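Letters A, B, ... mirror the listed sequences (proteins, then strands); counts begin at 1. Note that the structure is a prediction, hence the values are computed from the model and not measured.
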Amino acid sequence: MVVMEKQGKDMQEYFIQNSKEFVGETVTLKGWAYNVRKGGKIWFLLLRDGTGIMQCVVTKFDADEASFDIKTLITQESSVIVTGEVKEEPRSPGGYEMLVHSMDLVSVADEYPISKKEHGTDYLMDNRHLWLRSKRQHAIIRIRHTIVKAIRDYFDDRNFTLVDTPIFQKAATEGTATLFETDYFGEKAFLTQSGQLYGEAGAAAFGKIYCFGPTFRAEKSKTRRHLTEFWMVEPEMAYYDLDMNMDVAEDFVFYIVSQVLEHRKPELETLERDISKLEAIQKPFPRISYTDAVKILNDKGVEFKWGDDFGGGDETIISSQFDSPVMVHRYPSAIKAFYMKRDPENDKQAMALDMLAPEGYGEIIGGSQREDDIEALVGRIKEDGATEEDYSWYLDLRRYGSFPHSGFGLGVERVVAWLCGLQHIRETIPFPRTISRLNP
RNA sequence: UCCGGAGUAGCUCAACGGUAGAGCGGGUGACUGUUAAUCACUAGGUUGGGAGUUCAAAUCUCUCCUCCGGAGCCA
């Protein structure tokens, strides 16, 4: 067993994140100069390797002369390869440092656009390709990675099959939203706003499926909650009703939160996230009907009529009543999509659910039990001004073995913003696309 | 699309009718334990574009452009 451990470590590649296991050893680091502090006979290089930042100490006694003299050439973000001994050192940020023996300057960086002082967001977004190197952005993107992994693991471990859905689509999923139009060999095609209708075909073939990919909305939204290109995961489950759907949504979101807490505490601390708010989240999540939600608003003195849709401020008031995400179900059918099943007990209500994140982060999930009655579905398609022809393959799913089924979509970036405690959604994705940004 | 705010040095900002300034970053030099290192010296500007008012405009007026925040729409 001791031998196995030794072998395992010998085979382990050194990177800054696991310095603890290499104390006393001489290792080689390849990375970039995050910062340099120069003295006369000693200088400090903060080296970034993608996993963390290591303080490298260069002195005339421990390093050769050529390596020491690199201090006159090196600039912020220059690429360097350093060899030296890893030591525990309380004076060093991170608790470890490297005593440098030799150094190789791979490339001298030009004057770096992102200085050590503060910058405006728009300037940083113009330099997004470089901004990603900073501690804060590094932490966010790593948390995003953990969220995406949790999403895939959750479904993969529960017998869901991945069914990818097309990005080019012939028609809108939900008539109202504005879509990006493209020329598809002389024919109109739209960038997808949802994979759901295809997901329903998948559920009929595989039982439980999910699709996960980018989604596009051409609305000219200018808010901190909107991107024109964002990632959405959409599970669809055969023989699941609305309550079972909410069970999955709750368990799924709880799993994502717990994975982030388990694996990304250092990153959350870098972001100065109030972790107690995330630790307070518990199952079961509160479930309230739309009608109850309207009562909450009215009790708080908000003028709100049954039948209207919630605005951002309304959602914040409702969600702030709870520590955990809240699921609001049975919305007025008039404000929901045609494919949602009507409540058998009240035709004015749709079997829809939205999940609102705490702390004012808004809607992170939208879903429903789907309409499985072909007559009802055809009726609503016609009410929307479309034809049976437009939805012929979708209606086939009701002609050939219709079945109760449900699903939902979760917006990845809104979850990242919520868990990271960010002010703006544009930091949640490496290269955001908004109404005013297509570059970089 | 509507409402509000802002464009001044590479960056973050000040000057708000009378000769355009600071901090950071850059350059040069000093320093053996720095922590957004410090200290000294130094370079750097058609004040977003256009038009107008005035003896005089970064400053006042109009217009256009760009960006930010909010509303609507939504994940």
Are [X] and [Y] close enough that their ring centres sit under 6.0 Å apart?
X: A:Phe252; Y: A:Phe155; answer: yes
X: A:Phe216; Y: A:Phe230; answer: no
X: A:Trp393; Y: A:Tyr198; answer: yes
X: A:Phe22; Y: A:Tyr96; answer: no

Point to revise | A:Tyr184, OH: over 12 other non-hydrogen atoms inside 6.0 angstrom | key: no
What's the gap between [N] and [M] when it is taken at their [atom1] atoms, as a whole Å value?
N: B:rA15; M: B:rG48; atom1: P; result: 15 Å
N: B:rC39; M: B:rC24; atom1: C1'; result: 16 Å
N: B:rU47; M: B:rA22; atom1: C1'; result: 16 Å
N: B:rG50; M: B:rC41; atom1: C1'; result: 42 Å
N: B:rG27; M: B:rG10; atom1: P; result: 16 Å
N: B:rA20; M: B:rA56; atom1: C1'; result: 15 Å
N: B:rA36; M: B:rG21; atom1: P; result: 32 Å
N: B:rU1; M: B:rA58; atom1: P; result: 32 Å

In whole angstrom, give the distance that lies between atom [atom1] of [X] and atom [atom2] of [N].
X: A:Ile425; N: B:rC73; atom1: CD1; atom2: C1'; value: 14 Å
X: A:Arg437; N: B:rU66; atom1: CZ; atom2: P; value: 14 Å
X: A:Glu413; N: B:rA75; atom1: CD; atom2: C1'; value: 8 Å
X: A:Ile435; N: B:rC73; atom1: CD1; atom2: P; value: 16 Å
X: A:Ile42; N: B:rA30; atom1: CD1; atom2: P; value: 17 Å
X: A:Leu99; N: B:rU34; atom1: CG; atom2: P; value: 16 Å
X: A:His119; N: B:rG10; atom1: NE2; atom2: P; value: 14 Å
X: A:Arg224; N: B:rC74; atom1: CZ; atom2: P; value: 20 Å

Is [X] touching bases, backbone alone, or none of the nucleic acid, heavy atoms closer than 4.0 Å?
X: A:Gly120; result: sugar-phosphate
X: A:Glu97; result: base
X: A:Leu227; result: base
X: A:Ile364; result: sugar-phosphate

Record whether the side chain of [X] comes under 3.5 Å of the base of [N] through a donor-acceptor pair of N or O atoms.
X: A:Ser221; N: B:rC74; answer: no
X: A:His226; N: B:rC74; answer: yes
X: A:Gln76; N: B:rG26; answer: no
X: A:Arg426; N: B:rC68; answer: no

Scan every strand shown for a Watson-Crick or G-U wobble partner of [N], both distances under 3.5 Å, and answer none if you come up empty.
N: B:rC74; result: none
N: B:rG33; result: none
N: B:rU59; result: none
N: B:rU46; result: none
N: B:rG7; result: B:rC65

Review point. Side chains of A:Tyr14 and A:Ser19: do they bring a donor and an acceptor to under 3.5 Å?
Key: yes
Practice item. Verify whether one side chain among A:His119 and A:Ser115 offers a donor that lies under 3.5 Å from an acceptor in the other. Key: yes
Is there a side-chain polar atom (N or O) of [X] under 4.0 Å from OP1 or OP2 of [N]?
X: A:Arg217; N: B:rG72; value: no
X: A:His424; N: B:rG69; value: yes
X: A:Thr223; N: B:rC73; value: no

Point to revise | Six-ring centre of A:Tyr210, A:Arg158 cation under 6.0 angstrom, axis tolerance 45° | key: no
Nearest to the side chain of [X] - [options]?
X: A:Phe44; options: B:rG10, B:rU34, B:rC31; value: B:rU34
X: A:Glu111; options: B:rU12, B:rG25, B:rG33; value: B:rG25
X: A:Gln55; options: B:rG33, B:rC68, B:rG26; value: B:rG33
X: A:Glu219; options: B:rC24, B:rU1, B:rC73; value: B:rC73
X: A:Arg37; options: B:rG25, B:rU34, B:rA75; value: B:rU34

Practice item. Identify whether a stacking contact exists between A:Phe230 and B:rA75, where the ring centres must be under 5.5 Å apart and the planes under 30° apart. Key: yes
Practice item. By nearest nucleotide on RNA chain B, pick out whichever of A:Gly313 and A:Thr59 is the more 5' one. Key: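 First, find each residue's nearest nucleotide; the 5'-ward one identifies A:Thr59.
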Check your understanding: When you match A:Lys60 and A:Asn35 each to their closest nucleotide on RNA chain B, which lands nearer the 5' end?
Key ->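 By nearest-heavy-atom nucleotide position, the 5'-most residue is A:Lys60.
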